[in-house]
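Computed from a predicted structure; not experimentally measured. Every chain is numbered from 1, with letters handed out A, B, ... down the list of sequences. No hydrogens, no waters, no symmetry mates; every other heavy atom, side chains included, goes into these values.
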Protein chains: 2
Amino acid sequence: MADIKAGVNQLFLREEELRTGMELLFYAYREFTAEPDEILAEIGFGRAHHRVIYFVGRYPKITVSELLAILKITKQSLSRVLGELVRQEYILQQTGVRDRRQRLLELTDKGVELERLLSETQRQRIARAYRMAGAEAVEGFRKVMLGMMDEEDRAKFAPPVPARLAAVKR
Amino acid sequence: MADIKAGVNQLFLREEELRTGMELLFYAYREFTAEPDEILAEIGFGRAHHRVIYFVGRYPKITVSELLAILKITKQSLSRVLGELVRQEYILQQTGVRDRRQRLLELTDKGVELERLLSETQRQRIARAYRMAGAEAVEGFRKVMLGMMDEEDRAKFAPPVPARLAAVKR
DNA sequence: CGATCACGTCAACATGGCTGACATAAAAGC
DNA sequence: GCTTTTATGTCAGCCATGTTGACGTGATCG
């Protein structure tokens, strides 16, 4: 009798714990994106522009197809925002030297500035969370987030020789 | 000289660490929503429907305005998806007894079934991540996620007397 | 009884996904 | 050298989900 009750309780706690995890993710992600979204709205951009600017800043000289692979959207969707960013000179396209079909993407100075403006609030938010939680908690956070991903994305964070992009031919 | 170099290195590590945090969030959240999104698409629903079903399941007899406060969308946006869910009998509306202006929302059996179907993959994903990471890491994850939120949302997770919704008059 | 509140609804618009089709230049393969 | 594949771009249209603004109705409150 006591055993059954304990079992049920265990199940309840587990369910509750998992729900809490889902909600932590929901609320944290929403607030994480809220501030940049406001800034973006002011200049007529959306979250999609931020993502493009972010990853181009992260991986200078990235190709269009590499960017597509990261974002996992269609080239038509990307082209809309990327086109605007190029026309408004936030991003520069250079024809690849080894492969002239490629358009290597890079932030202009204007692009770097916008990237900083947008991501700074997010970096501060994370920095604050890391500070409040402590180094050990950060390691736990990292572990859980990695466990949430499929192998493919998890590989992007592999510690030995970040097999990201830069490794390959360009 | 060595000091300067160490300082620069520190800065670099910090910057890199924060970027990693941002990306962990980006990738994990995307994969977290990917599976339910597929199921939803098959029955002609979207992520918005999932969110409504989830929170109505979480807080039975929730009112429309409470739901709006959680989702932080406009009533017009909510009304579209909520209307569909009610018409297709996933959600039941009951006039409040104490306040007849309120429409108390509840999942029907059909709604409970769909909620389970949708959230089960997410719960499993979290359970897997928790298992892989270990109890201590989970606590760290919780701390970091809470640190990421503004006070308002953080309060929803306050351990003493969950001042969620149920507390108030209905 | 008048103001406020909870909720609903109509209309119009923007963003950012999607599919499908077609185009072009460069590279790779036989 | 000719053919096929690849990297990229582009047009057109659809869908989901967010927005603002205006207006309506019944219930509650002071």
Side-chain angles (χ1 to χ4, degrees), chain A residues 29-30 33-34 36-54 56 61-87 91-105 165 168-170, chain B residues 26 29-30 33-34 36-53 56 61-87 91-105 165 168-170:
Chain A
Y29 191 80
R30 185 175 61 191
T33 53
D37 282 356
E38 276 180 46
I39 301 172
L40 287 157
E42 282 169 28
I43 55 177
F45 285 164
R47 198 177 294 180
H49 298 83
H50 187 188
R51 288 201 276 255
V52 170
I53 284 202
Y54 175 84
V56 171
K61 308 243 179 212
I62 192 176
T63 67
V64 172
S65 30
E66 286 167 337
L67 189 50
L68 283 174
I70 289 176
L71 298 175
K72 289 197 185 151
I73 58 175
T74 59
K75 62 175 176 172
Q76 294 92 327
S77 294
L78 173 59
S79 138
R80 225 171 2 208
V81 291
L82 182 54
E84 288 177 289
L85 289 169
V86 168
R87 275 192 297 279
I91 288 180
L92 194 80
Q93 288 178 318
Q94 291 176 267
T95 302
V97 263
R98 299 182 357 82
D99 185 337
R100 293 174 43 75
R101 288 171 304 179
Q102 297 181 332
R103 303 277 168 267
L104 309 187
L105 307 175
L165 294 146
V168 224
K169 55 171 184 172
R170 177 75 30 89
Chain B
F26 172 70
Y29 191 80
R30 183 174 62 189
T33 54
D37 281 357
E38 276 180 45
I39 301 172
L40 287 157
E42 282 170 28
I43 54 177
F45 284 165
R47 200 177 291 180
H49 298 83
H50 187 188
R51 289 201 275 256
V52 170
I53 284 202
V56 171
K61 308 242 177 213
I62 192 175
T63 67
V64 171
S65 30
E66 286 166 338
L67 189 50
L68 284 173
I70 289 177
L71 298 175
K72 289 196 184 155
I73 58 177
T74 58
K75 61 175 176 172
Q76 293 92 327
S77 294
L78 173 59
S79 141
R80 219 163 16 202
V81 291
L82 181 54
E84 289 178 289
L85 290 169
V86 169
R87 274 192 298 280
I91 288 180
L92 194 79
Q93 289 179 319
Q94 291 175 266
T95 302
V97 263
R98 299 182 358 84
D99 185 337
R100 292 173 45 76
R101 288 172 304 180
Q102 298 180 332
R103 303 276 167 268
L104 309 186
L105 307 174
L165 293 147
V168 223
K169 55 170 185 173
R170 177 74 30 88

Q) Looking only at heavy atoms, which two atoms of A:Ile73 and A:Leu68 are closest? And how far apart? A) O-CD2, 3.5 Å
Q) Of all residues at least two apart in sequence or in a different chain, which pass the side chain to side chain contact (heavy atoms under 4.5 Å, CB included) check with B:Val86? A) B:Leu82, B:Ile91, B:Gln93
Q | Sequence-distant partners of B:Arg100, salt bridge (charged side-chain N to carboxylate O under 4.0 Å, His left out), two or more places apart | A | none
Q: Check the distance between C:dG8's C1' and B:Leu67's CG and give it to me in whole angstrom.
A: 15 Å
Q: Any side chain to side chain donor-acceptor pair (under 3.5 Å) involving residues 67-76 of chain A? Give me the pairs, sequence neighbours left out, ordered by first then second residue.
A: A:Thr74-A:Ser77
For residues 43-51 of chain B, tabulate all N or O donor-acceptor pairs below 3.5 Å that involve a side-chain atom, not counting sequence neighbours.
unit_1	atom_1	unit_2	atom_2	d
B:Arg47	NE	B:Asp37	OD1	3.3
B:Arg47	NE	B:Asp37	OD2	3.2
B:Arg47	NH2	B:Thr33	OG1	3.3
B:Arg47	NH2	B:Asp37	OD2	2.7
B:His49	ND1	B:Gly46	N	2.9
B:His49	NE2	B:Glu84	OE1	2.8
B:His50	NE2	B:Ser119	OG	3.2

**Q.** Nucleotide-resolved protein contact map, nucleotides 22-27 of chain C, B/S/- at heavy-atom distance under 4.0 Å
**A.** ----BS
Q. Taking only residues two or more places apart in sequence or in another chain, which ones pass salt bridge (charged side-chain N to carboxylate O under 4.0 Å, His left out) with B:Arg80?
A. none
Q) What is the distance, rounded to the nearest whole Å, between atom CG of B:Leu71 and atom C1' of D:dT19? A) 15 Å
Q) Between A:Arg103 (CZ) and D:dT6 (C1'), how many Å, whole number? A) 13 Å
(Q) One character per nucleotide, please: for nucleotides 11-18 of chain D, 5' to 3', B when the base has a protein heavy atom closer than 4.0 Å, S when only the sugar-phosphate does, - otherwise. (A) B----SBB
**Q.** Euclidean distance, atom CD1 of residue A:Ile62 to atom P of D:dA7 [Å, nearest integer]
**A.** 14 Å
Q) Please give, in whole Å, the distance from D:dT19 C1' to B:Leu68 CG? A) 14 Å
Q.
It should be established whether A:Ser79 places a side-chain nitrogen or oxygen under 4.0 Å from OP1 or OP2 of nucleotide D:dT8.
A. no
Q: Report the end-to-end axis angle of the helix from C:dC1-D:dG30 to C:dC30-D:dG1; each axis comes from five terminal pairs, and the value is rounded to 10°.
A: 30°
Q: Evaluate the criterion side-chain contact (heavy atoms from CB on, under 4.5 Å) for residue pair B:Leu105 and B:Val52; output intermediate values, then yes/no.
A: CA-CA 10 Å; B:Leu105 307 174; B:Val52 170; 5.9 Å; no
Q) Quick one: A:Ile53 CD1 to C:dG16 C1', roughly how many Å, whole number? A) 16 Å
Q | Set of residues satisfying side chain to side chain contact (heavy atoms under 4.5 Å, CB included) with respect to A:Leu92, sequence neighbours excluded | A | A:Gln94, A:Thr108
